[in-house]
Trainee: 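Below you'll find the structure I mean.
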Amino acid sequence: MSATSLVVNRHTSFQFKTSFAPCTIMQISRYDLDVLPRELMDIISRAPNFFLGAPIVIDLEKVNTLGEIDFVRLKAILVAQNLVPMGVRNGSPEQLEAAASQGLPALSIGKLSADTPKKKIEKSATRLVTSPIRSGMQVYAKEGDLVVTAPVSAGAELLSDGHIHVYGPLRGRAMAGVQGNRNARIFCRTLEAELISIAGYYLTKEDMQPMPESHGMIQVYLDDKQLRIETIS
Amino acid sequence: MAQIIVVTSGKGGVGKTTTSASIAVGLAERGFKTVVIDFDIGLRNLDLIMGCERRVIYDFVNVIRAEASLNQALIRDKHVTNLYILPASQTRDKDALTVEGVGAVLDELRKTFDYIVCDSPAGIERGATLAMYFADHAVVVTNPEVSSVRDSDRMLGLLSSKTKRAEEGREPITEHLLLTRYCPKRVAKGDMLSIGDVNEILAIPLLGVIPESTAVLRASNSGDPVILDKESDAGQAYSDAILRFLGQDIPFRFTEEKAHWLKRLFSMKEREAV
């Protein structure tokens, strides 16, 4: 079956849409249905609007070794507080089956388990610069790589703790691995730089062999104590 | 809404004041109410180029310090209507300028003028940074020569980082390149950078190319901005630049070497032979 056959055509009476509706997870840490109504009421009274008609997913992670749970009563307690129980998660197979028979399906939304944390990477350590770096400007990518998609003028300085990639003309100085990373490299398209350096080892424009016009990329890396300049074809 | 134009270069002697005067006159000639301000405190020149040096009573610093009102300090230009000059102080130094003071004067001028042209001093010190700080447009004046190009590159860096628009994260200043003292003959000989060479490094839109011209020195000495010399090549090139600034698509002139009349005659003969 091809993927397109899943698309509902315009003549159907409905459409499927993906949505991320907010949903409150109620994690039960102690199974005690006698105290639950009072505790719930106490908390809801502090923010009645927030909880009014709120969809609730019951998380059984902390109580899934207990065995039988009275879902009829649990559901009734929630409904009595104007909450809308949607389903359960992280229960034992027996608990999930018992819940399903009371109209509370097993859900796998949100985080699955505390044992498999998914670390969200908010910001990459790579620094991206898209506007020209003019003479006298200095850009430093601390603890990461530096990517420049614009020209770097003579008299400008690029510094990076990692690699440096330049996709516009590189006419200024480029210093990679400034904290001593000897594996850092410099990648550029033309070799017009005033100075290139890796982990403190440097070459000035005068020391660089003129490179034949190439359509590929040029890479600079450190080979023992000597900077090597190569084309990548 | 008034537009603030800064005329800047970094390097001295490339033609900032000549350009400021001609841009201001050109805009006023086309009916825009314009004021041109000399930011070169201590090295006042604009009044000479505009030919109003004998009428300076109060200056920019007097206005900032509330020693005179703006109307007392503004000098009406003798060449065109709609144009006023705010001269610099010759007796103070550039520390007399403050961000608040300059901002207040510009806010006042914005109410009544269409264009405010700020003639920046050379260098990257206080006078120059304040001249560009409030700008909406920057005219970067460059000679076709390596040190001038590098200084202009430095100014473009400052324009994109040390101005109010940059600090507030608004749309960046509109940059214009004005190439002055251009000599096609020397470019052909390889003695001078070509338009292409300069553009490869600075990579901003070209507003105009002003040819090296005896008319410029003559205009400076007589106090009549060169744009008023409609016969001269430099005057015409400035007029073209004004039209381009106002959004017209004008072909570039004076950028090719004029062939000698004998040479042209020969090339005609050759064509006939073919």
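A note on names: the letters A, B, ... follow the listed sequences, proteins ahead of strands, and every chain is numbered from 1. Computed from a predicted structure; not experimentally measured. Side chains included, hydrogens not; waters and symmetry mates left out as well; all remaining heavy atoms used.
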Trainee: Pick one of side chain, backbone, both or neither for B:L159, based on which atoms fall under 4.5 Å of a heavy atom in chain A.
Mentor: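 Interface part for B:L159: neither.
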Trainee: Go through chain A and chain B and list any donor-acceptor pairs closer than 3.5 Å, backbone and side chains both.
Mentor:
unit_1: A:R134; atom_1: NH1; unit_2: B:D153; atom_2: OD1; d: 3.0
unit_1: A:R134; atom_1: NH1; unit_2: B:L202; atom_2: O; d: 2.9
unit_1: A:R134; atom_1: NH2; unit_2: B:L202; atom_2: O; d: 3.0
unit_1: A:S135; atom_1: N; unit_2: B:D153; atom_2: OD2; d: 2.7
unit_1: A:S153; atom_1: OG; unit_2: B:D153; atom_2: OD1; d: 3.0
unit_1: A:S153; atom_1: OG; unit_2: B:D153; atom_2: OD2; d: 2.7
unit_1: A:R171; atom_1: NH1; unit_2: B:E200; atom_2: O; d: 3.4
unit_1: A:R171; atom_1: NH2; unit_2: B:E200; atom_2: OE2; d: 3.3

Trainee: Please indicate whether A:M86 has more than 12 foreign heavy atoms, meaning atoms of other residues, nucleotides or ligands, lying under 6.0 Å from its CE.
Mentor: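 Check fails, neighbour count at 12 or below.
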Trainee: For A:H163, enumerate each residue passing the ring-ring contact (aromatic ring centres under 6.0 Å, His included) test, keeping only those at least two apart in sequence or located in another chain.
Mentor: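 Residues passing ring-ring contact (aromatic ring centres under 6.0 Å, His included) with A:H163: none at all.
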